[in-house]
Number of protein chains: 2
Amino acid sequence: MPNLDKSLVADLPMFAGVEPDDLNDILREAQSIRYQKGASVFQQDEEAHSFFILLHGHLRVMKVTPDGQQVVVRYVTPGEIFGIAMAMGRGTYPATALAVVDSLALVWPSAAWPRLVAKHPSLAVNTIQTVGSRLQDAHTRVVEMSTEQVERRVAHALLRLAKQAGRKGEDGIRIDFPISRQDVAEMTGTTLHTVSRILSAWEDQGLVESGRQRISIRDPHKLFILAERPSG
Amino acid sequence: MPNLDKSLVADLPMFAGVEPDDLNDILREAQSIRYQKGASVFQQDEEAHSFFILLHGHLRVMKVTPDGQQVVVRYVTPGEIFGIAMAMGRGTYPATALAVVDSLALVWPSAAWPRLVAKHPSLAVNTIQTVGSRLQDAHTRVVEMSTEQVERRVAHALLRLAKQAGRKGEDGIRIDFPISRQDVAEMTGTTLHTVSRILSAWEDQGLVESGRQRISIRDPHKLFILAERPSG
DNA sequence: GGGCTTGTTTGATCTGACGCAAACTGGGAG
DNA sequence: CTCCCAGTTTGCGTCAGATCAAACAAGCCC
């Protein structure tokens with residue numbers, strides 16, 4: 001993995017507790033690959049040949065049902081490890097990852113994983129924490145889907161997006177990659193029509209400002225109230 | 001951990017690749033504790049003082065929302081590790097675990113985890129796989145909640161219960177612990193009323209046979225068809 | 001810059017499932 | 001054996017949100 005600023009990578013949670021020398025050893029086996037906007041990084045059910053760390057850009061991870069419906073599992077933000085299907089004991093990827101903007105990732109062959117983990121036990125510990133926190137997120141989402149109605153689910157989704165990919169601008173916190181009504185619908189288990197109606201209503205109230213594949217949160221606090229309040 | 005048949009424990013997936021001597025080392029730090037039906041093993045938001053392996057019985061793991069609604073996260077079956085909040089980097093349990101029948105578990109202090117993992121790297125590898133497979137399950141559930149309507153969600157839930165806690169009887173596959181309509185509702189994000197209606201209909205069609213806190217699947221194949229078919 | 005594609009808005013209608021309410025029943029406690 | 005309670009069944013009215021349908025707009029390509 002030539003010509004890459006290691007100081008950035010060294011601070012990632014995945015490499016916490018890893019000595020600089022060991023880090024070099026780990027990075028030596030990786031290559032960096034660019035993905036153009038719209039390109040797929042890996043496909044659902046494809047053999048899990050590699051695992052990755054995102055350096056730049058944003059990915060959408062989604063699952064497709066047998067009858068063609070899509071569900072957005074999550075968005076990957078820089079610094080995150082992803083595609084670790086092999087480490088989780090699977091032979092294939094459980095979902096598809098797509099670059100929503102031009103992106104750059106470190107890529108290791110899955111075959112390197114057992115060796116790396118054996119040599120650098122911190123990796124295993126950090127991976128447990130990473131996967132564990134994703135499990136929490138997934139459970140949170142199950143709880144939301146079970147108990148909240150659509151408007152609040154959308155509010156929660158937007159707040160989450162703002163936290164992990166929000167960029168402060170003059171019109172509030174803007175989600176830093178193109179995202180459509182359809183995408184939000186696939187994150188919250190509803191339809192683009194309903195999302196559109198909700199965003200229109202929020203726009204009238206001055207809560208958000210949005211357009212074609214673009215959402216900014218003007219009033220995060222009010223949105224938060226709306227997300228938490230049983231019926232507000 | 002005195003007087004326990006180690007041969008049973010040795011075959012658990014969590015201890016795959018662990019040498020017998022090492023296993024003794026691990027088990028030495030555990031104690032076994034009994035939980036009466038209805039007793040809580042740990043509580044949501046409580047400090048994560050211990051982690052566990054279930055030896056006998058069944059636990060219901062659930063989350064409670066701020067406004068008091070419950071969601072069943074999963075049922076724990078014998079052989080499974082649970083309560084590993086600490087390993088996942090959390091200080092408190094994210095959910096409550098309740099014994100639905102008299103149960104028996106091995107219990108380790110959470111403080112022992114780092115030491116055990118450091119000494120027996122297989123534990124970390126196995127834990128990643130365990131947590132990973134739970135993450136898959138959770139994502140599957142999110143997809144179901146997003147794309148399927150209630151009847152199919154209930155069908156999937158029952159099939160899953162049958163697979164992990166089914167006991168063959170004369171009236172089909174019976175779920176091996178007391179489970180109410182309310183419980184099924186909390187697993188599928190619906191109400192006990194709707195579950196009751198669905199089960200009644202299925203009973204008329206000879207798909208299931210059920211009663212007070214008791215469900216048997218008479219015709220798993222037809223139920224499976226119903227669960228998978230877009231509109232059957 | 002004109003046309004086309006892709007995403008968005010908004011209206012009208014329909015319905016699955018929820019909420020409420022009330023009756024019913026299995027099985028344990030005394 | 002009877003009472004009682006928790007769990008279950010079932011009917012009915014209602015509504016959040018899906019579905020269907022159509023017009024509309026922002027970019028992008030040529």
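It should be emphasised that the depicted structure is a prediction, and the values quoted were computed from it without experimental measurement. By convention in this document, chain letters (A, B, ...) are assigned in the order of the sequence lines, proteins followed by strands, and residues within each chain are numbered from 1.
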Could you check whether atom CZ of B:Arg214 has more than 12 heavy atoms from other residues, nucleotides or ligands sitting under 6.0 Å from it?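 Check passes, neighbour count above 12.
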Can you establish whether the number of heavy atoms outside A:Arg167 located under 6.0 Å from its atom CZ is more than 12? no
Below 30° counts as parallel, above 60° as perpendicular, anything between as tilted: where do the rings of B:His58 and B:Phe177 land? tilted
Report the C-alpha separation of A:Ser32 and A:Leu104 in whole Å, then their side-chain angles, then the decisive distance to 0.1 Å, and conclude whether the side-chain contact (heavy atoms from CB on, under 4.5 Å) test is met. CA-CA 7 Å; A:Ser32 61; A:Leu104 177 67; 4.2 Å; yes
What distance separates [X] [atom1] from [Y] [atom2], expressed to the nearest 0.5 Å?
X        : Y        : atom1 : atom2 : answer
A:Thr96  : A:Phe42  : OG1   : CZ    : 7.5 Å
A:Gln129 : B:Arg90  : CD    : CZ    : 12.0 Å
A:Ser146 : A:Glu144 : OG    : CD    : 10.0 Å
B:Leu98  : B:Ser103 : CG    : OG    : 9.5 Å

Hey, which of these two, A:Val150 or A:Arg212, hits DNA chain D nearer its 5' end, going by closest nucleotide?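 So the residue in question is A:Val150.
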Derivation and outcome, side-chain contact (heavy atoms from CB on, under 4.5 Å), residues A:Ile84 and A:Met86: CA-CA 5 Å; A:Ile84 49 175; A:Met86 203 66 112; over 6 Å; no
Ring centres of B:His156 and B:Phe224 under 6.0 Å apart?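 Not under 6.0 Å, so no.
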Testing the basics here: between A:Thr130 and A:Met14, what is the closest heavy-atom pair and its distance to 0.1 Å? OG1-CE, 3.4 Å
Could you identify which residues of residues 195-211 of chain A place a heavy atom less than 4.0 Å from some atom of DNA chain C, listed by residue number, or say none? A:Ser196, A:Arg197, A:Ser200, A:Gly211
Within residues 186-194 of chain B, residues whose heavy atoms come under 4.0 Å of DNA chain C: B:Gly189, B:Thr190, B:Thr191, B:His193, B:Thr194
Applying ring pair (Phe, Tyr, Trp, His ring centres under 6.0 Å), can you list everything that pairs with A:Tyr35, at least two apart in sequence or on another chain? none
With axes from five pairs an end, tell me the bend angle of the helix from C:dG1-D:dC30 to C:dG30-D:dC1, nearest 10°.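 Axis angle across the helix from C:dG1-D:dC30 to C:dG30-D:dC1, nearest 10°: 40°.
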Range on DNA chain D touched by chain B, heavy atoms, distance below 4.0 Å: D:dA6 to D:dC12
What are the 5'-most and 3'-most nucleotides of DNA chain C lying under 4.0 Å from any heavy atom of chain B? C:dA17 to C:dG27
Does the distance from a Lys or Arg side-chain N to an Asp or Glu carboxylate O, for B:Arg74 and B:Glu80, drop under 4.0 Å?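 Counted as a salt bridge, because a side-chain N and a carboxylate O are separated by less than 4.0 Å.
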Just to verify, which of A:Thr194, A:Thr188, A:Val195 counts as forming a side-chain contact (heavy atoms from CB on, under 4.5 Å) with A:Thr191?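 Filter result, single survivor: A:Thr194.
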Assess whether salt bridge (charged side-chain N to carboxylate O under 4.0 Å, His left out) is satisfied between A:Arg60 and A:Asp183, documenting all intermediate values. CA-CA 9 Å; A:Arg60 182 174 66 233; A:Asp183 294 329; 3.1 Å; yes
